[in-house]
Amino acid sequence: MATKWPDGFAKGRANLRALLVLSSLRGLTPLKLLQVAQLHGSARGCLSAVREGRAGSEADRRYAEELDSSEIEAAVTACGARFVAVGSDDYPAQLEHLSDPPAGLFVLGRALPIPGSAVAVVGARNCSDGGRDMAWMIGRDLAARGMCVVSGAARGIDAACHEGALAASGQTLAVLGCGIDRAYPHGSRSLVARIAEAGTIASEYPPGVPAASFRFPARNRIIAGLARGLVVVEGAAGSGSLISAEHALDLGREVFAVPGALDNPLAGVPHALIREGATLIRGVDDLLSDLGLAGAGAAGGEITARLDVTLLERAAFDSVAGSVLPETVARELRLTVPEVLPLLMALEMKGLVRSVGGRFRRRVGPTGRV
């Protein structure tokens, strides 16, 4: 059973300011801080112990002496974020199941998801086109059903599921492995900005903390902890996808995996998880059904409404069977190519079709529904 933070650990202005300093110490991990908290009871007491050399490392002591909580507060405010401390009404209760729960989270955008309302989607950064499409569809359909889609905003599978949720005008949450004011990798800046505007960004790291390899496995435990279930779309053996799944299993969360071709290295983690008892899903319908979401089969109509597909766009979509040229769609709809191209481009912007070499093909689930 996970050890909990002491009652009142971060209660009051003095403790909150102390916790801001503690959250900035590089050597005092959440697990170490939790152990110190059991001895000293409050964030203020823990900070005093660090500054007096009774807790943490010598480097922590020196850094804690240099840090000014008011400067950290100003940096948080400057980037539009807020600090959600353990014990507050906004702190996610589901994170308390972790063996090393964060003492607080820096948050941008909407509120953090309530228990049972989020599903995590993770997978390879260097994913296949099929994996990217599957992650996008899962993100879209979960968001359309009112679920929060949680991932890490990295390229590949992470980005695809966030994009799908945004396309459905739904809720999505990105957990960062760096300071709340940064985006990593740099190519994710635009996506992170869009999520901050329409969804939620969270990090246990204050502004200014750079990305580092050891912070991403730590980030993964928060992704798993926030979620009702976790879906692994693709992942090669030894990848971070497996770490996320292990966190989820340790927490008693449901783990789902999307199978792939037997000779596909990116199917290594999903296949290993399925052998160990993870639930195999073929698509969104399986996932929604296994999650026990009422009316799972009605998701398609909700997505159409959310994406605001016009009648002509729907007709164009229905004409995209396989990989087709715009001329084929125009002939079937009895329209000209200049009339059809804007429809196909609108469908592509809404994520329903994809253009490959001048041809268009659907980007939806195996049932072909939007």
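This one's a predicted model, so the numbers in the text were calculated from it and none came from an experiment.
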May I ask you to test the [X]-[Y] pair for a side-chain heavy-atom distance under 4.5 Å?
{"X": "P326", "Y": "L344", "answer": "yes"}
{"X": "I281", "Y": "D290", "answer": "yes"}
{"X": "R145", "Y": "L288", "answer": "yes"}

Answer yes or no on whether R215 is positioned over the face of Y205, meaning its NZ or CZ is under 6.0 Å from the six-membered ring centre and within 45° of the axis.
-> yes

ring-ring contact (aromatic ring centres under 6.0 Å, His included) partners of residues 33-92, not counting sequence neighbours, each pair once | F83-F106

With sequence neighbours excluded, give me every ring-ring contact (aromatic ring centres under 6.0 Å, His included) pair touching residues 239-289.
-> none

If you count the non-hydrogen atoms of other residues, nucleotides and ligands that lie under 6.0 Å from [atom1] in [X], is the total more than 12?
{"X": "R253", "atom1": "CZ", "answer": "yes"}
{"X": "R125", "atom1": "CZ", "answer": "no"}
{"X": "E197", "atom1": "CD", "answer": "no"}

Name all pairs fulfilling the side chain to side chain donor-acceptor pair (under 3.5 Å) condition that reach into residues 170-188, sequence neighbours left out, sorted by first residue then second.
-> R110-Q171, H162-T172, Q171-T200, H186-R189

Interatomic spacing from CG in L166 to CG in L191 - rounded to 0.5 Å = 6.5 Å

Determine, stepwise, if the pair E71 / R17 fulfils salt bridge (Lys or Arg N to Asp or Glu O under 4.0 Å).
-> CA-CA 10 Å; E71 292 180 359; R17 290 171 69 93; over 6 Å; no

